[in-house]
Trainee: 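Here's a structure for you.
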Amino acid sequence: MNIGVFDSGLGGLTIFKELLKTLPQYDYIYLGDNARVPYGGRSPAVIYEFTRQAVDFLLKKDCQLVILACNTASTNALRRLQQEYLPARYPDRRVLGIVLPSVEAVTENNARRVGIIATWATVNSGSFVREIKKINEEIEVLQQAGPLLVPFIEEGETSGPFLEAILRRYLTPLVDANIDSLILGCTHYELIKEAVKKIAGPAVWVVSEGEVVAAKLKKYLARHQVIDKKLGKEGKRQYFVTDYSQRYHDLVKLFLDDHFSAGQKLELVTI
Ligand code: DGL
């Protein structure tokens, strides 16, 4: 069986790349719902429904485990999928999100004042604040939505003066409040990490979700042998998208580098 990795678009590839580096032996299916990206400005009900359709597609493709490599989906759909959908439809399968690994990373690093930059839907869910406070309620958490960033990144605009001007507007309130750590709470933002670091300055630790998620998944699989035994380990990869264009194909190649070979197909699906 496979490990499924889902994102609303390209952003999840930043998580996927780290999974391929850390756990290359497994068989994976990546699904990007690029026909409907961005999810970040939508309502929780719509985000749940889109995510449920994506997860259903991956479970039917024989995924034992699905990673929601999208904070917007993790914060707006994960709990309901785990509590209602899976028990009723696929009781032996698992769906995991990506919020907890970065929350644990900052609390383990003794952060005192944490900034979160994410989509509107993630900010409005309050999930990051809740999860950090559950571990240590003295940590101060400041949130900032960055709604213009995902469309920029999906266009391949990952550096330059326009991007920096937008970033400065979003990050200045957090930097002025003296945050010591910044969680890039949207998988797309990993692609602009260098620009973020430049504006946040050397005193702010910028957390990479991909690396922490991959490390946590490795530990999870070691702890859950029943699941691990079911997973195929032939290094197979399949890629599905809900909208296809040559531009999208080229962007996938750009973001995954050598992990996306010349002959690798990107298949168009309806979910
Ligand atoms: N990549 C998604 C996330 O991590 C959001 C992008 C979108 O708005 O669809 O939040």
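The figures that follow rest on heavy atoms only: side chains count, while hydrogens, waters and symmetry mates do not. Residues: numbered from 1 along the sequence shown. None of these values were measured; they are calculated from a predicted model. Just follow the structure's listing: the first ligand is 1, and inside any ligand the first atom is 1.
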Trainee: Which residue supplies the protein heavy atom nearest to atom 5 (C) of ligand 1, what is that atom called, and how far is it?
Mentor: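 Nearest neighbour among protein heavy atoms for atom 5 (C) of ligand 1, to 0.1 Å: Thr72 OG1, 3.4 Å.
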Trainee: Counting both backbone and side chain atoms, is some N or O of Gly185 under 3.5 Å from an N or O of ligand 1?
Mentor: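 Among all N and O atoms of Gly185, none is under 3.5 Å from an N or O of ligand 1.
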Trainee: Is the closest side-chain heavy-atom distance between Thr122 and Ile116 below 4.5 Å?
Mentor: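 SC-SC contact between Thr122 and Ile116 ruled out.
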Trainee: What protein heavy atom lies closest to atom 1 (N) of ligand 1? Include the residue and the distance to one decimal.
Mentor: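 Minimum-distance protein heavy atom for atom 1 (N) of ligand 1 reads His188 ND1, 2.7 Å.
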Trainee: For ligand 1, which is the ligand I care about here, please tell me if Thr122 has any N or O atom under 3.5 Å from one of the ligand's N or O atoms.
Mentor: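 So ligand 1 has no N or O lying under 3.5 Å from an N or O of Thr122.
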Trainee: Ion pair present between Lys17 and Glu190, side-chain N to carboxylate O less than 4.0 angstrom?
Mentor: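 A salt bridge is absent here (no side-chain N lies under 4.0 Å from a carboxylate O).
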Trainee: Applying a 4.0 Å heavy-atom criterion (strictly less than), which segment of Cys70 is in contact with ligand 1: side chain, backbone, both, or neither?
Mentor: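 The part of Cys70 near ligand 1 is both the backbone and the side chain.
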Trainee: Any donor-acceptor pair under 3.5 Å linking the side-chain atoms of Asn76 with those of Tyr39?
Mentor: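 There is no such pair (donor and acceptor under 3.5 Å, judged by atom type) between the side chains of Tyr39 and Asn76.
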Trainee: Once you restrict to heavy atoms under 4.0 Å, what part of Val37 touches ligand 1? Side chain, backbone, both or neither.
Mentor: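 Answer for Val37: side chain.
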Trainee: Within the 4.0 Å heavy-atom shell around Asp7, which atoms of ligand 1 are there?
Mentor: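 By the 4.0 Å cutoff, the relevant atoms are 1 (N), 2 (C).
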Trainee: For atom 8 (O) of ligand 1, what is the nearest protein heavy atom, given as residue, atom name and distance?
Mentor: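 Nearest protein contact, heavy atoms only, for atom 8 (O) of ligand 1 is Gly40 N, 2.8 Å.
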Trainee: Going by the ring-ring contact (aromatic ring centres under 6.0 Å, His included) test, name the single residue among Phe16, Tyr28, Tyr248 that passes it with Tyr239.
Mentor: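 The residue from Phe16, Tyr28, Tyr248 that satisfies ring-ring contact (aromatic ring centres under 6.0 Å, His included) with Tyr239 turns out to be Phe16.
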Trainee: Tell me the contacting part of Val150 for ligand 1: side chain, backbone, both, or neither, using a 4.0 Å heavy-atom threshold, strictly below.
Mentor: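 For Val150, the contact with ligand 1 is made by the side chain alone.
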Trainee: Quick check on contacts: which atoms of ligand 1 are under 4.0 angstrom from a heavy atom of Asn71?
Mentor: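 This gives 3 (C), 4 (O), 10 (O) as the contact atoms.
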Trainee: If you measure from the Lys or Arg side-chain nitrogens to the Asp or Glu carboxylate oxygens, is any gap between Glu138 and Arg112 under 4.0 Å?
Mentor: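 So Glu138 pairs with Arg112 through a salt bridge.
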Trainee: Can we say Glu108 and Lys216 salt-bridge, meaning some charged N sits less than 4.0 Å from an Asp/Glu carboxylate O?
Mentor: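 Salt bridge present between Glu108 and Lys216.
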Trainee: So which heavy atom in the protein is nearest atom 7 (C) of ligand 1, and how far is it from that ligand atom?
Mentor: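 Nearest protein contact, heavy atoms only, for atom 7 (C) of ligand 1 is Tyr39 N, 3.3 Å.
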Trainee: Would you say ligand 1 has an N or O under 3.5 Å from any N or O of Thr119?
Mentor: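 For ligand 1, there is no N or O atom that lies under 3.5 Å from one belonging to Thr119.
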Trainee: Between Asp33 and Gln53, does any side-chain donor sit less than 3.5 Å from a side-chain acceptor?
Mentor: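 Result is no, nothing qualifies.
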Trainee: Counting only N and O atoms by type, is there a donor-acceptor contact under 3.5 Å from the side chain of Tyr189 to the main-chain atoms of Leu149?
Mentor: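 Checking the backbone N and O of Leu149 against the side chain of Tyr189, no donor-acceptor pair under 3.5 Å is found.
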